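Because the structure is a prediction, the values reported are computed rather than measured. Order of the sequence lines fixes the chain letters, A, B, ..., with proteins taken first and strands second; residue numbering starts at 1 for each chain.
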Amino acid sequence: MASERKDDFAEAKKRWRRLYEEWGTEDVDFTTVSGAPVEPLYGPDDAAGLDYLRDLGFPGEYPFTRGVYPTMYRGRQWTMRQFSGFGTPRDTNGRYHYLLDHGQTGLSVAFDMPTIMGYDSDHRRAEGEVGRCGVAIDSLRDMEILFDGIDMAKITTSMTINAPASILLAFYLCAGEKKGARFDEMGGTIQNDILKEYIAQKSWIFPPEPSIRIITDIMAFCADHVPRWNTISISGYHIREAGSTAVQELAFTLADGFAYVEAGIAAGLDVDEFAPRLSFFFNAHLDFFEEIAKYRAARRIWAKRMKEKYGAKDPRSWLLRFHTQTAGCSLTAQQPENNIVRTAFQALSAVLGGTQSLHTNSMDETLALPSEKAVRIALRTQQLIAHETGVVNSIDPLAGSWFVEAKTREMEEAAEKYFERIEEFGGVVKAIEAGFFQREIGRAAYEYQKAVERERKIVVGVNRFQLEDETIEIPILRIDQQVELDQRSAVAAVRAGRDNDKAARELVRLRTAAEGSDNLMPVILDCARCYCTEGEIIAALKEVFGEYVETPVF
Amino acid sequence: MKRDPDIALLLDEFSRGRVAAAARLITIVENGGDRAEAVMDGVFPMTRGAYRIGFTGPPGAGKSTLVFRMSRILRGEGKRIGVIAVDPTSPFSGGALLGDRIRMQSLSEDPEIFVRSLASRGSLGGISSCTDEVADLLDAFGKDLVLIETVGVGQSELEIAEKAHTVVVILVPESGDGVQAMKAGLMEIGDVFVMNKADHRDAVGAARELEETLRLKDVPEEGWRPPVVLASATRETGIDEVRERIEEHRRHLEERGLLAEKRRRVLYSRVRGAFMDRVERRVWEHESVRSVIERGMEDVYGGRLSPYRLVRELERLVAGGLQM
Amino acid sequence: MGKTIRVLIGKPGLDGHDRGAKVVANALRDAGMEVIYTGLHQTPEMIAEAAVQEDVDVVGLSILSGAHMTMFPRILELLREKGAGHIKVFGGGIIPAEDAERLEAAGVARLFGPGTDTRDIVDFIRKNFAQSA
């Protein structure tokens, strides 16, 4: 830019700023949903210093700010993957067939709380929770029923499971094996991200050290035997749902990712052997541009660190591939139909941010588990974006927007500051033990609540535009109490029908393996094959590993 | 004093081991006043000399995790336990969050452990002013041990030293000016020191440094040199050793007759404290005293009368006998 | 000085969603109450026992796992068994209207759904407390 024109620019901007001040603005907070300030106007001066090749690059090229693949949605659409599961394995199997018949392209299993926490359906602590917020899986038998009539060599499956991920993966692989699918044919994802459990989702079983050992065992086993499996889905979703800001979601999730990379390297694995199988899982919240900037910043930070800090040489190790789910915490119980609109905006931000797969929430999720109709509308929302809006035609269409580029850089810098603070604690696990993440998230959540209550943030239908005497007129999915009884007798039948001596021997083998340092996966697979239940396997491991306890922080 | 029928009933249920009655009596004691005293009149004769262990240290040192682990060990020994956990009251709202700790999760179905959270309320030091009374109550309720957990902020260190027979000070290797200053105060009162987070890279060095500092101090007349234990409350290492050191300290006090002496000293100072509070309030609010003050202060404000002359006048008034 | 209101905020069941429980605990503290938070993954027995030992005036339960029809009645029953039937129990979480009606009929004082203003919870507790005190 010639210096004369620069003066013009500065003059013109000053002139506009004067007018802007004179005209005045409304008395609301012009901040993102995370409370981050936003300028009224962005221009070339805000994106100054941006070097196209260094900072953005072309799609499919380092640092991947514009997307991980050269073709993006022209080459292949994102996977429409609706997370679902409820009741018995038979109930959920029916829902899976329904979704596949309606054009869904991948499966995603939601487990019930007892399965997530490692209790069998007939355990005392499972009372009242069996099949309630996901499907109940107690043994290989249940997994066989869950995938009845589904070709496990063809479909890819994502399983939202963490502390007991090794066991559910073993059930899955064995169920496929019984149908003739080879381990190296089966593809999918286990969430298997225990760090974010301590940070936000709070479904832990063992203390951090043994938990991370199990994870590195899974990474090593899959690298050798299940090459199409994504071994960790490093998740910011739950961090955000717990109330974090967008920057916290970005920074804490990537910090977790780096911690797994370091754990893998420390366990003696070659970074390029496991890093290509790491994937991410982000939240799509309401603040449209902030979200898009978040995904773009995430790709750039990951690529740079993987290449420069961890010395990864395989370009696939540099790629941050991610799944997105729209923000459950943004949905309202008031006027639930409005949630369809919220979800559509969120889904659009995920697509414009370059997601690889997407789950759109159903409008009724603040009321109960989603009904079939609500799920269909949610899926249709994705199909509308893909086929009607035209946003898929051009790759990363918002690149070069001064606002989006400035915001992307701002988020990257804010994340780097968090990495430094985490480093000061001595790493992610130490920061968890000190309650650092939990405190940051708790504070952000309370600040947001106060902003809503003071009406500095408007939530349609909640603190403005309410309906008097609103009656909810959408159908609700109910889980029958009978599910729990059925599932209890099913697990009893499994125990009665198997070779109990063999099962007991395998569990002893597992305990011994846990005390040593051999890879646990082969033994867990043997336990699964002889129908040891999830609860039995977890109990055996608890004897060796102990249980985690948290001091709550506010 | 008139016998409060509610309290009589509650005391009766209390003596029969009803948890709800004990809990309600603690509330009455916390709220203070005549009813609190009526409760203490009934409860005190039932006390059996439960051993009191204080746990203190800077925020984030891992006190509650340690108390949790310790409770488990003590329950394993068959001891009946009371836990008093004190958290600060917010000076802004008067409210308090008493959740910043692990409740005795797997233990709270165990009837022999009684956990009570207290807010510091009006008291300055971060420790509730009725801690002694609540400890008496738990003692009278049949607990063998009362564990008192407080955040080490300012004066509470000294107060916990008055209330507990053994004081366990929990520190972490991380340093900082604030922590250093706090440590200085804590140094004086600890009978057992725990360097928590033993897996921290600086833990061994910090423990050694602490031992050095303690060695430089004069050996107190009781002849007890406070040990330093490396532990990790989250990883469950070193807790048994902390338990052993507490027991050694208890034996040390007992064998030398120091425990009895300490109990007598504490009771003496409780009587003194309560009496002085009472006298102070009654004298200060006394009609004759008020009128002398109100009149005299005008002269003090006006510079015509020295404050000390006014004080002497008041003293003469009190010495001459007030009609109470 | 009036008696300080003591509240126990409990997380029964297996789900780990503690955002709501913590936000409410913070808000009640800021409204001048003494709030005891149980931490996660509590059994009904643990919660009832803690409520009794802490001699709270009110118990608030946060449940998002769908186990509300089991947890609420069980805790009410345990409180009565322990001689603490006077303690009011309220709750929050994802609770369908029909279930909420049944629970309120069974003795749950009030259920607050998503989007509740914390000031409504404060008012509710104060009003109830004034009645029982």
(request) Check for a donor-acceptor pair, side chain of A:Gln248 on one end and backbone N or O of A:Arg240 on the other, with a separation under 3.5 Å. (result) no
(message) Please check this pair: side chain of A:Asp138 against backbone of A:Ser121, looking for a donor-acceptor N/O pair closer than 3.5 Å.
(response) yes
Count the heavy-atom pairs under 4.5 Å between each of [options] and chain C, then report the option with the highest count.
| options | value |
| --- | --- |
| A:Gln201, A:Arg125, A:Met117 | A:Arg125 |
| A:Ala333, A:Gly131, A:Ala242 | A:Ala242 |
| A:Leu367, A:Asp364, A:Asp112 | A:Leu367 |
| A:Gly134, A:Ser203, A:Gly243 | A:Gly243 |

Is it the case that the side chains of [Y] and [X] hold a donor-acceptor pair, with the cut-off being a distance below 3.5 Å and no angle test?
| X | Y | answer |
| --- | --- | --- |
| A:Asn463 | A:Glu453 | no |
| C:Ser65 | A:Glu129 | yes |
| C:Asp15 | C:His17 | yes |
| A:Ser211 | A:Tyr198 | yes |
| A:Thr326 | A:Arg342 | no |
| A:Asp120 | A:Thr533 | yes |

Heavy-atom pairs under 4.5 Å with chain A: which of [options] has the most?
| options | answer |
| --- | --- |
| C:Ile95, C:Leu14, C:Thr70 | C:Leu14 |
| C:Thr116, C:Leu64, C:Val23, C:Val24 | C:Val23 |
| C:Ala67, C:Gly13, C:Ala25 | C:Ala67 |

(request) Given salt bridge (Lys or Arg N to Asp or Glu O under 4.0 Å), test C:Glu54 with C:Arg6 step by step and report yes or no. (result) CA-CA 8 Å; C:Glu54 297 285 2; C:Arg6 284 170 70 89; 2.8 Å; yes
Contacting moiety of [X], where chain C heavy atoms sit under 4.5 Å:
| X | answer |
| --- | --- |
| A:Glu127 | both |
| A:Gln481 | side chain |
| A:Thr332 | neither |

Examine whether an atom of [X] lies under 4.5 Å from a heavy atom of chain A, and if so say whether it belongs to the side chain, the backbone or both; otherwise answer neither.
| X | value |
| --- | --- |
| C:Ile63 | neither |
| C:Thr118 | both |
| C:Ala97 | neither |
| C:Arg119 | both |

